[in-house]
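Reviewing the structure listed below.
Remember, it's a predicted structure, so these values are computed and weren't measured experimentally. Computation of the quantities below employed the complete heavy-atom set of this structure, encompassing side-chain atoms and omitting hydrogens, waters and symmetry-equivalent molecules.
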Amino acid sequence: MDAVFPAAAFLIVLLGTQRSLGLGFVTLIGAGYFNGIIRANYLGIFTTFMFDCAVLGLYVGCLIFPRGNDHAGIGVANKWTVVLIGWPLILSLLPVNDFLIQLVALRATVWFLPVMLIAIRLTSADLATLARGLALLNLIALAVGIYIYFNGVQSLYPENAVTQIIYLSKDVAGHDYYRIPATFLSAHAYGGAMLFTLPFLLDRAFGSGVQTFDRSLAVVGIVAAIVGILMCAARQPIVTFSIATLITWACTRFNPMVGLVAIGLVVAGVVFSLADERLQRASNLEDTEAVSERVSGSANDSFLELIVEHPTGAGMGSSVGTSIPFFLSNRAPEAVGLENEFCRILIDQGWIGLAAWLAFLVWLLSKPPALKLQARWGLGVVLMYALTLTNWATSFIGTGTLSAIPMSTLLLLQMGVLIRVRETNTPKLATSSFGGSN
């Protein structure tokens with residue numbers, strides 16, 4: 001029975017990609033939205049790889065039904081992708097750990113990376129389709145979140161090996177309530193997904209030439225995202241959004257319109273949070289001792305020691321933060337490292353892998369958007385840059401940057417758009433990607 005889900009995910013995404021690249025991404029991200037609740041209720045080997053099959057559907061669809069004639073940025077991105085994928089592939093062939101564990105680590109490191117190359121081909125029509133789809137998906141997630149809010153996580157999530165993190169997160173309103181996962185496998189996955197939909201939705205809500213229906217739908221999707229970020233009771237999405245908002249405002253030379261949008265979003269969040277104590281978990285960020293302990297657990301002097309001790313890594317799948325499926329847990333080696341995404345890359349790939357990722361990120365993020373809101377830098381793209389920068393800059397606290405479902409796909413999608421804008425660097429992008437009249 002559980003084999004039906006990955007097969008259906010592959011087919012739906014493949015058919016969506018046949019229609020348009022935008023619809024292909026909508027169906028792919030939709031599979032990510034429902035991946036958690038399906039895996040929780042249909043525990044099995046096949047459902048574990050449901051989202052992977054959806055990604056495969058996108059890749060096969062792009063090979064069979066190629067889209068886009070504008071190849072700006074693809075050549076440069078191809079070179080980076082070859083390095084970022086090629087080195088872990090070579091390491092996965094070395095018999096250091098169990099072969100299946102090394103494949104799992106490879107999946108978490110490189111399987112989603114081609115999304116960047118595909119995202120470079122997105123057109124204005126694709127992005128309009130994507131924004132509509134994300135708004136609808138956010139509303140569905142919010143509806144499920146509200147249901148869980150009133151009926152408890154037990155109403156939709158059985159307690160098993162996949163849902164352990166949900167049942168370990170009873171720390172809301174004095175440890176009386178669980179965090180809300182909506183349709184996802186954790187509250188962080190829910191909040192992270194909502195956060196990374198905002199660039200697409202804000203671009204439609206405040207962009208020029210957008211039809212009234214699309215603008216209204218985008219606003220509703222933004223509201224659903226804000227409520228979801230508060231309802232999930234995870235603090236990291238709020239911190240990331242706060243930092244990214246400041247970066248966005250600075251990139252626009254403190255444009256007053258952008259400032260008003262930011263203030264409006266903050267006010268909306270405060271108003272919603274005042275309605276119930278369960279929406280106010282982020283307020284305990286003022287507990288500096290707890291925050292400092294959390295940071296020191298992920299980034300401390302031990303990272304420097306690990307760099308010296310593991311110049312070639314410890315083998316694919318050896319790092320802390322590698323998500324090992326429950327049915328392979330008996331094959332997993334003893335975890336090495338810290339709860340730190342850069343440390344995970346170091347332990348799996350050594351100095352070469354870590355250097356390659358740092359070089360790529362410096363290349364991508366060293367050219368920030370223009371200081372003014374010019375045509376080629378719409379609000380959505382500026383926020384994409386800010387979120388990407390903030391997310392990677394804070395990846396030393398926690399893991400999952402490249403393996404979270406579907407947040408990693410949304411992140412890589414936005415990185416692909418940034419590559420396109422970075423390499424094109426002409427006002428034409430306003431009519432070929434962001435902006436336009438679709």
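When the side-chain hydrogen bond (donor to acceptor under 3.5 Å, both in side chains) test is applied to T129, no partner is found at least two apart in sequence or on another chain. The side-chain hydrogen bond (donor to acceptor under 3.5 Å, both in side chains) check on T109 picks up R344, with sequence neighbours excluded. Applying the ring pair (Phe, Tyr, Trp, His ring centres under 6.0 Å) criterion to W249, with sequence neighbours excluded, gives F254. Every residue two or more places apart in sequence or in another chain that forms a side-chain contact (heavy atoms from CB on, under 4.5 Å) with L100 is listed here: D98, L103, L328, R331. In this structure L93 satisfies the side-chain contact (heavy atoms from CB on, under 4.5 Å) test with no other residue, sequence neighbours excluded. Residues that satisfy the ring pair (Phe, Tyr, Trp, His ring centres under 6.0 Å) test with Y147, not counting sequence neighbours, are absent from this structure. Under the side-chain hydrogen bond (donor to acceptor under 3.5 Å, both in side chains) criterion, N160 pairs with T163, sequence neighbours left out. Residues satisfying the side-chain contact (heavy atoms from CB on, under 4.5 Å) test with I140, not counting sequence neighbours, are F34. Take Y33 and apply the side-chain hydrogen bond (donor to acceptor under 3.5 Å, both in side chains) test, not counting sequence neighbours, and it matches N138.
Nearest approach of V13 to A54, heavy atoms of both residues: CG1-O, 3.4 Å. Between Q349 and W87, the shortest heavy-atom contact is O-NE1, 2.9 Å. Nearest approach of N35 to T47, heavy atoms of both residues: OD1-O, 4.2 Å. Nearest heavy atom pair, residue L21 against residue R121, reads CD2-CB, 3.9 Å. Across all non-hydrogen atoms, the minimal contact from G133 to V26 is CA-CG1, 3.9 Å. A pairwise comparison of heavy atoms in S395 and T401 identifies OG-OG1, 3.0 Å as the closest pair.
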Give the C-alpha distance, both sets of side-chain angles, the deciding distance and a yes or no for side chain to side chain contact (heavy atoms under 4.5 Å, CB included) between V421 and M384.
CA-CA 11 Å; V421 174; M384 283 185 189; over 6 Å; no
Check against side chain to side chain contact (heavy atoms under 4.5 Å, CB included), L364 and W80:
CA-CA 10 Å; L364 177 63; W80 281 112; over 6 Å; no
Assess whether side chain to side chain contact (heavy atoms under 4.5 Å, CB included) is satisfied between V110 and L84, documenting all intermediate values.
CA-CA 7 Å; V110 307; L84 297 177; over 6 Å; no
Candidate pair T390 and L387, rule side chain to side chain contact (heavy atoms under 4.5 Å, CB included), full reasoning:
CA-CA 5 Å; T390 304; L387 277 177; 5.6 Å; no
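Two residues are said to be in side-chain contact when any heavy atoms from C-beta on lie closer than 4.5 Å; M415 and L361 meet this criterion. I29 is listed as a side-chain neighbour of L130, based on a closest heavy-atom distance under 4.5 Å. Considering only heavy atoms from C-beta on, I148 stays 4.5 Å or farther from Y178 through its side chain. No side-chain heavy atom of V83 sits under 4.5 Å from any side-chain heavy atom of F360. With a 4.5 Å cut-off on side-chain heavy atoms, F65 and R19 do not count as touching. Counting only heavy atoms from C-beta outward, the side chains of P181 and V153 approach each other to under 4.5 Å. Side-chain contact between F25 and L28 is present, with heavy atoms from C-beta onward closer than 4.5 Å. Between L413 and F196, every side-chain heavy-atom pair lies at or beyond the 4.5 Å cut-off.
Sorted by first and then second residue, the pairs that involve residues 103-143 and meet ring pair (Phe, Tyr, Trp, His ring centres under 6.0 Å), not counting sequence neighbours, are F51-F112, Y59-W111. Within the structure, the salt bridge (Lys or Arg N to Asp or Glu O under 4.0 Å) test picks out the following pairs touching residues 31-56 (sequence neighbours left out): D52-R107. Every pair tested for salt bridge (Lys or Arg N to Asp or Glu O under 4.0 Å) that includes a residue from residues 351-362 fails, sequence neighbours excluded, so the list is empty.
A donor-acceptor contact shorter than 3.5 Å links the side chain of T48 to the backbone of G44. A distance-only check finds no donor-acceptor pair linking the side chain of T240 to the backbone of P237 [under 3.5 Å]. Checked by atom type and distance alone, the side chain of S169 never pairs as donor or acceptor with a backbone atom of R179 at under 3.5 Å. Remark: side-chain polar atoms of T197 are paired, donor with acceptor, to backbone N or O of M194 under 3.5 angstrom. The main-chain N or O of Y167 is never found under 3.5 Å from a side-chain atom of E159 such that the two would form a donor-acceptor pair. Formation of a donor-acceptor pair under 3.5 Å by the N41 side chain with backbone atoms of L156 is found in this model. Using a distance-only test at 3.5 Å, with no hydrogens or angles considered, no donor-acceptor pair links the side chain of T17 to the main chain of G24. One N or O on the side chain of R215 and one on the backbone of A205 form a donor-acceptor pair closer than 3.5 Å. A donor-acceptor contact shorter than 3.5 Å links the side chain of Q102 to the backbone of N97. Although no hydrogens or angles enter the test, the distance criterion places no donor-acceptor pair under 3.5 Å between the side chain of Y190 and the main chain of T183.
Rounding to the nearest 0.5 angstrom, the gap separating the CD1 atom in I222 from the CG atom in L134 is 11.5 Å. Atom CG of L43 sits about 8.5 Å away from atom CG of D2, to the nearest 0.5 Å. Atom CD1 of I238 and atom OG of S242 lie 7.0 Å apart (nearest 0.5 Å). Once rounded to the nearest 0.5 Å, the distance linking CG of L117 with OG1 of T81 reads 4.0 Å. To the nearest 0.5 Å, atom CG of residue L358 and atom CH2 of residue W351 are 13.5 Å apart. Going from atom CD1 of I12 over to atom CG of L23 covers 10.5 Å, rounded to the nearest 0.5 Å.
Aromatic pair F5/F46: ring centres not closer than 6.0 Å. Between W357 and W392, the distance from one ring center to the other falls under 6.0 angstrom.
Within a 6.0 Å sphere centred on CD1 of I165, other residues, nucleotides and ligands contribute 12 heavy atoms or fewer.
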